[in-house]
Amino acid sequence: MSFADTMLGQPRPDRLADFNLPRRERYFPSPADWRDETLYFLLPDRFSDGQEDTRPLLDPADRQAARPALPNGETWRWDRWAESGKSRWQGGTLQGVQSKLGYLKDLGVRTLWVGPVFKQRGHADSYHGYGIQDFLEVDPHLGNRQDLVNLVTAAHGQGLRIILDIIFNHSGPNWLYPDDTPGGPDMPPYQPDPKDRYPFGHWRGDQGQAIAAIQGSEDGVWPVELQDTDDYTRAGKGSLAAGDINDPQAEHKRTDFYTLRDFQLTAPDGSTRVLNFLARCYKYWIALTDCDGFRIDTLKHVTLEEGRNFCGSIKEFAANLGKADFFLVGEVGGGDFTQTRFLNVLDRNLNAALDIGEMRPTLTAVAKGLQPPDDYFAGFDPSKAVMGSHRNLGLHHVSILDDHDHISGVKIRFSAEADSDHQVVAGVGLQLFSLGIPCVYYGTEQAFAGPEPSERPWLPSWKETEYGERYLREAMFGPLHPLKAGTASLPPGPDNVDPDLPGFGPFGTAGRHAFNPASPAYVRIAAMTALRHGRPVLRYGRQYPRKLSNFGQPFDFPPGGELIAWSRILDDEEALCVINGHGRAARGGDVNVDPSLNPPGSQMTVILNTAQAADPAGYHGAHPVGSTLPVRRKPDNPDQGIAYVEIRDLAPSEVLVLTNYP
């Protein structure tokens, strides 16, 4: 009997000592190269409940029809919709995610990054999943352990992989400081001296109340090995940015994460038993589910040595199961410098860092024509960017356009301030066809944008740092109502919805879903991912930004709002990628290509035109797929000068790819 069969046949273990981890069993293998993958990140509570066939598809052009009155007769109110998104479970499930594997595969997704699925405190409404109460159990709002195993098995059956989102820096709000602590028992001020930490107060019970001792599964924290009160830093709430990244005692490494309790991963005597306990928890999930990787939350907030040891332990365990390259990608806040520092120190124990620092808002601005393309491509240049050498390899960064936090930049999605329903395609095109491992955030393919601009003045915290992240987390399945607050939401179901609030549906709606495979952004992104997967040059090729010439001017790197052009070159094959960086007007220009790979008399063939992908039968514009462009020379001498092709009338935010080897 397999480890999974054994574990699923009994209640979840109370202790890590209650099970023996397997080795050398048959598990789904790692990909040959993670650059072959296109990632898709979703929050399971906000993605799908699997019941979309019970509610209509949203028409973004008729949003008013999807803003119903509440059962008590109260008309639509934006404060109610915003409250629903801020603090309530919406009802998405793991079975819902599984029901959408076909939708994701057709989009061109190869790997799903699923937000945290582990059990939260029932009273806390932490739908995001980052406040774990039980490290060996699935949150009942989302399903159970069998549902998670079924999801991974079904994904593998369709050739897809699953990355789970994990946390080992901190636990949930599972205990309180003493009642008389200055600042209160939830978030007392930071205590900088490790030798003078706060005393432990009380574990919390099922309703968040202080209790004398852990009695049942809803109390405190599980498994038992994490119930030693000395295993927590107990330093209070400090700054998440203060201190040197290299200092093991830096404030950002010792502070609680607001009410989430920081683990003391390395004891004063040097023992790493807590770190080892947490590593064993996550080895359990690898063995149980057969997942393919982990996204590691708050990696910056552990020491470099703790990060290296944890990741190395996970990597080695997975390798012994036949997963030769179990993917570990770290969330390392603080930008290029901290991302690079962790990649350098953790070395082969960490595959990649999420590119969530300076590069994410730059990607957005370049795709919208607000900054010159060179600002983006400079990020791959070791002489111009701290992270340049890692990005230039293409293996060590996961490209992010939108996500659930927006640590850097304004907390709104790309499409919230876009010029069209498909301008986001320009940003995704940069991700897919430049160096790196691309990640699409759920709803991007539907151009999620929140409510229309005329309604945004009524939204609390819109574009603000505090609580503004809710507008990055619309519920794609369009629930009519959220679940009730706290433990009244359990067990999830129609009897436990809150009729006094609307569901936090997409575009400021409720009761209509947004899984539309014919949407303008979806069809274009699907065409781009299909091309990327079929062309090794677009995954492995070297990258060269290209200069432009307009109206006979000298070739130069263009300003924002003009064509964005670069080549990927693999051996003798060149793929020229061209994006119109203007969101409202067509653009053109002469774009240089490699003269040695495109000798006199050669031509390049169009292999992708996203405008045509959106309207295959009715497209009559420039540069259709299969058309060719002669490679010209300037000056007009076949043996010397700049080689270029003439791109004309590329529609706003559309993407072209041409190649010398069609």
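Since the model is a prediction, treat every value here as computed from it, not as a measurement.
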Return the OG to OH distance between Ser313 and Tyr282, rounded to the nearest 0.5 Å.
13.5 Å
Derivation and outcome, side-chain contact (heavy atoms from CB on, under 4.5 Å), residues Asp336 and Arg391:
CA-CA 10 Å; Asp336 273 20; Arg391 291 195 189 99; 2.6 Å; yes
Looking only at side chains, do His141 and Ser489 share a donor and an acceptor under 3.5 Å apart?
yes
Salt-bridge present (Arg77, Asp79; N to O < 4.0 Å):
yes
Considering residues at least two apart in sequence or located in another chain, which fulfil the ring pair (Phe, Tyr, Trp, His ring centres under 6.0 Å) criterion with His404?
Phe41, Tyr130
Using the test ring pair (Phe, Tyr, Trp, His ring centres under 6.0 Å), find all partners of Phe477 that sit at least two apart in sequence or belong to another chain.
none
Among Asp405, Val398, Asp403, the one residue meeting side chain to side chain contact (heavy atoms under 4.5 Å, CB included) with Ile356:
Asp403
When you look at Leu142 and Asp147, which way does the side-chain contact (heavy atoms from CB on, under 4.5 Å) test go after all the steps?
CA-CA 9 Å; Leu142 304 176; Asp147 291 334; over 6 Å; no
Before accepting this row, confirm whether a basic side-chain N of the pair Lys237/Asp256 lies closer than 4.0 Å to the acidic partner's carboxylate O.
no
Not counting sequence neighbours, which residues clear side chain to side chain donor-acceptor pair (under 3.5 Å) with His396? List them please.
none
Please work out whether the ring planes of Phe200 and Trp175 are parallel, tilted or perpendicular, with thresholds of 30° and 60°.
tilted
Identify whether NZ of Lys or CZ of Arg in Arg234 sits under 6.0 Å from the centre of the six-membered ring of Tyr177 and within 45° of that ring's axis.
no
Sorted by chain and number, sequence neighbours left out, salt bridge (charged side-chain N to carboxylate O under 4.0 Å, His left out) with Lys253 holds for none
From Leu240 CG over to Thr298 OG1, what is the distance, rounded to the nearest 0.5 angstrom?
9.5 Å
Check ion pair Glu74-Arg67 (N to O, under 4.0 angstrom)
no
Residues 122-143 vs salt bridge (Lys or Arg N to Asp or Glu O under 4.0 Å), sequence neighbours excluded, gives Arg12-Asp134, Glu137-Arg145
Parallel, tilted or perpendicular: which fits the ring planes of Trp203 and Tyr232, with parallel below 30° and perpendicular above 60°?
perpendicular
Would you call Arg295 and Glu331 a salt bridge, using N to O less than 4.0 angstrom?
yes
Suppose we screen for ring pair (Phe, Tyr, Trp, His ring centres under 6.0 Å). Which residues come up paired with Trp222, at least two apart in sequence or across chains?
none
Without hydrogens or angle criteria, can the side chains of Arg121 and Asn174 be said to hold a donor-acceptor pair below 3.5 Å?
yes
Spacing of CG belonging to Asn349 relative to CZ belonging to Phe342, to within rounding of 0.5 Å
13.0 Å
Six-ring centre of Tyr467, Lys86 cation under 6.0 angstrom, axis tolerance 45°
yes
Atom of Gly307, atom of Phe168 and distance for their closest heavy-atom approach:
CA-CZ, 4.4 Å
Let me confirm one number: the CZ-CG distance from Phe414 to Leu472, rounded to the nearest 0.5 Å.
14.0 Å
Before you tell me yes or no, could you show the steps for Asp165 and Trp113 under side chain to side chain donor-acceptor pair (under 3.5 Å), namely the whole-Å CA-CA distance, both residues' side-chain angles and the distance that decides it to 0.1 Å?
CA-CA 7 Å; Asp165 203 323; Trp113 156 17; 3.0 Å; yes
Applying ring pair (Phe, Tyr, Trp, His ring centres under 6.0 Å), can you list everything that pairs with Tyr442, at least two apart in sequence or on another chain?
none
Pick out which of Leu350, Thr338, Asn169 makes a side chain to side chain contact (heavy atoms under 4.5 Å, CB included) with Leu299.
Leu350
Within-4.5 Å side-chain heavy-atom neighbours: Pro451 and Leu459
yes
Check whether the side chains of Gln133 and Ser171 place a donor and an acceptor atom closer than 3.5 Å, and report yes or no.
no
Between CG of Leu148 and CD of Gln146, what distance do you get to the nearest 0.5 Å?
10.0 Å
Parallel, tilted or perpendicular: ring planes of Phe294 versus Phe326, cut at 30 and 60 degrees
perpendicular
Is there any salt bridge (Lys or Arg N to Asp or Glu O under 4.0 Å) pair reaching into residues 436-448, and which pairs are they, with sequence neighbours excluded?
none
Across all chains, not counting sequence neighbours, the side chain to side chain donor-acceptor pair (under 3.5 Å) partners of Asp244 are Asn246
For residues 178-189, which residue pairs qualify under side chain to side chain donor-acceptor pair (under 3.5 Å), counting only residues two or more places apart or in two chains?
none
Just grab all the salt bridge (Lys or Arg N to Asp or Glu O under 4.0 Å) pairs involving residues 483-511, residues at least two apart or on different chains.
Arg88-Asp498
Run Ile132 and Lys119 through side-chain contact (heavy atoms from CB on, under 4.5 Å) and show every step you take.
CA-CA 6 Å; Ile132 301 175; Lys119 187 180 176 186; 5.8 Å; no
Nearest 0.5 Å please: distance from the CG atom of Leu164 over to the CZ atom of Phe327.
13.5 Å
Enclosure of Glu455 CD (heavy-atom neighbours >12, cutoff 6.0 Å)
yes
Here the salt bridge (Lys or Arg N to Asp or Glu O under 4.0 Å) pairs for residues 406-417, sequence neighbours left out, are Arg413-Glu474, Glu417-Lys463
Would Phe448 and Tyr441 count as a side-chain contact (heavy atoms from CB on, under 4.5 Å) if you check the C-alpha gap in whole Å, the side-chain angles of each, and the deciding distance to 0.1 Å?
CA-CA 10 Å; Phe448 276 14; Tyr441 185 45; over 6 Å; no
Evaluation steps, ring-ring contact (aromatic ring centres under 6.0 Å, His included), between His301 and Phe257:
CA-CA 9 Å; His301 300 282; Phe257 212 94; 5.6 Å; yes
